[in-house]
**Student:** 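This is the structure I want to talk about, given as structure tokens.
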Amino acid sequence: MSLELTGVTVAFGHADARTTVFDGLDVTFEPGRMTALVGPSGSGKSTLLAVAGALLRPTAGQVLLDGEDFAGLSDARRAKVRRERIGYMFQSGNLLSGLTAVEQLLAAAYISGERPRAHRSRAEEALTGVGLGHRLRHRPEQLSGGERQRVALARALFLSPKLLLVDEPTAAVDRSQAGELAELLAERTRRDGCVTVVATHDPAVAEAADRVVDMAELSVTGASAGLSGR
Amino acid sequence: MFLALLELRAARGRFLLMGSVVVLVAALVGIVSGFTTGLGDDTISALRRLPASQFVFSSDARSDQFARSLLDERTAAAWRKDADTDMTPLGVSITRGTTNRGAEVDLAAFGVEPESFLSPSVTQGDDLADASADSIVMSAGLADEGVRVGDTLVIDRLGIKLHVIGLTERSGYGHVPAAYVPLRTWQRIRFSAPGSQASAATEIPDQFSALALRTPAKVSTADLDERHSTTTLTKEKAYEAAPGYTGERVTMNSIQVFLYLIAPLVVGAFFAVWTVQRQPELALLRALGASRRRLLAHTVLQAALVVVLGTVAGAVLAGAVGLLVGEQVPFSLPATTLAVTMCTVAAVGLAGTALTLRRVTAADPLTMLGANR
């Protein structure tokens, strides 16, 4: 079970105004390993996450999750892939306002077509598992930045996704919490065996990752040669 | 459903505010509808109750026919001969009188042949069939004004004394309660000169306002009208001949139409603002894999709950206003009228929300990535 991008090209605009972000990119992400995408703003971290997360259809190439290519699927089919196989944690605005921490997880279950009420106790366990057993009935505005991101992590992993995509998880979190969150991400990745890709500027997250990909070294014609690993 | 209800709970303040607006719009439409029906009843319910299908008027009366038209027995006989249907003369005029107990009342006097199909059935007392010529059967509206069976009513300025012998159902004409008198008595009321103390039947012309046809004529009424210098109107068309009826209907219906136009705009504007405000959350839901169809269903359900519950509460409020004003004002809101009105309010309200649905599906999940938020 891996995520494989093969010959992926992403370009925006037409003719003179055309901007190419990737041109024939090949990269593979292994299960049970957390990969940190690092690099300056505009280097394509978010675009890579968007393509890998079925949020953006590449101009060309394949995106294979477990050997199945979803790059060319319709909008509705890609939404199905997202809700059934991918977990997301965004930079901010991850949570639905007015809903308690437990309800955030139940909402994800509902979107996936599950009966939310059947998952209540499991949602409570999942939140306890990320250290939020005492915040089950709290709403986003009653949680700190780090706690909100932990709720988002619990929600992303709640339906046991094959792929976990994380965008700047520590951007709105103070230094002391950033390291803990990064360690938690790495630990859950190893435990759950999912493919985890994290776009980050934070050295603490890169430090916790099993592998670091420097986006600045990926040339637009670039391929896996541009990867650095540990 | 689950998420829609959670959102409703989370934003209950906003939805309560919107629901209140829907309640007030629905109540206003219901109240206007009640007044439209009530005023209509006040104007034409006496005509509506007449068991006639058509009315024949003199051709020179082009408006307010019940007041302006005069036919005589010669025309009636000619119509009877040619039309081959049951018909009877009808006199309609508005007058006023004072009872022996001092109640001063306005009344719409309907002159009918006591044995004819227009003679009213009574709910109390006696009918006109075997009564003397100076008898009067009053509708319930006059009882509200203090007239009782057994009273003597004197027509003002004419001095014509009438004995109240019976009570019939509530009915009105031109915002005045109806009362029924023998045709000959009506002719005395209609044609006597004030102060003449008219009593001699011979001085009174044998004329009346219209001929009432029980069932439609079996021959072309256009031909008969041309032949006898008359104008035949269906009962429904004849309502327009009642004083003020058309003007009232146009006014009240215009108000209702404007409310029906305003309701979707108000509801639509609220949901447009609500949808714009929650674009980031819609984008998040899309990113998490929610389908466009689910988001649409989710939004429509929220709108339906707010609009339907608000409309039901508005209907209750309109009904309560109806009960509160009682018989003091012309207000009538039968269940079917209320149901139709409220269904229309709910439908136009939901149509308003439909204007915002495109924005719901347009939420872009890509905006969740990077520093877009």
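Heavy-atom basis, side chains included; hydrogens, waters and symmetry copies ignored. Naming: A, B, ... by sequence-line order, numbering from 1 per chain.
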**Student:** Less than 4.5 Å to any heavy atom of chain B: does that hold for the side chain of A/R115, its backbone, both, or neither?
**Tutor:** neither
**Student:** Just to verify, what does B/Y260 make a ring pair (Phe, Tyr, Trp, His ring centres under 6.0 Å) with, not counting sequence neighbours?
**Tutor:** none
**Student:** Contact part of A/R155 toward chain B, heavy-atom cut-off under 4.5 Å: side chain, backbone, both or neither?
**Tutor:** side chain
**Student:** Find the one option among B/E7, B/R9, B/R292 whose heavy-atom pairs under 4.5 Å with chain A are most numerous.
**Tutor:** B/R9
**Student:** Chain B heavy atoms under 4.5 Å from A/L106: which part of the residue, side chain, backbone, both or neither?
**Tutor:** both
**Student:** Out of A/A108, A/A171, A/G87, A/A79, which one racks up the most heavy-atom pairs below 4.5 Å with chain B?
**Tutor:** A/A79
**Student:** On the ring face of A/F158, is A/R122 found with NZ or CZ under 6.0 Å from the centre and within 45° of the axis?
**Tutor:** yes
**Student:** Please classify the contact between A/A76 and chain B as side chain, backbone, both or neither, with a heavy-atom cut-off of under 4.5 Å.
**Tutor:** neither
**Student:** For the side chain to side chain donor-acceptor pair (under 3.5 Å) test, which of B/R48, B/H175, B/R170 pairs with B/D41?
**Tutor:** B/R48
**Student:** With a 4.5 Å cut-off on heavy-atom pairs, point out which of A/A107, A/S97, A/A156 contacts chain B the most.
**Tutor:** A/S97
**Student:** Check whether B/E240 reaches the backbone of B/T246 with its side chain - one donor and one acceptor, N or O, closer than 3.5 Å.
**Tutor:** no
**Student:** Can you give the donor-acceptor pairs under 3.5 Å from side chains of residues 333-344 of chain B to other protein atoms, not counting sequence neighbours?
**Tutor:**
unit_1: B/T341; atom_1: OG1; unit_2: B/S33; atom_2: OG; d: 3.2
unit_1: B/T341; atom_1: OG1; unit_2: B/T337; atom_2: O; d: 2.6
unit_1: B/T344; atom_1: OG1; unit_2: B/V340; atom_2: O; d: 2.7

**Student:** May I ask you to check if B/R294 and A/Y110 form a cation-pi contact, with NZ or CZ under 6.0 angstrom from the six-membered ring centre and within 45° of the axis?
**Tutor:** yes
**Student:** Among B/A290, B/A10, B/G289, which has the most heavy-atom pairs under 4.5 Å with chain A?
**Tutor:** B/G289
**Student:** Could you grab the distance from atom CG of A/L37 to atom CZ of A/R211, nearest 0.5 Å is fine?
**Tutor:** 9.0 Å
**Student:** Quick one: of A/E168, A/E103, A/K80, who has the most non-hydrogen atom pairs under 4.5 Å with chain B?
**Tutor:** A/E103
**Student:** Between A/I86, A/I111, A/V81, A/T47, which residue shows the highest count of heavy-atom pairs closer than 4.5 Å to chain B?
**Tutor:** A/I111
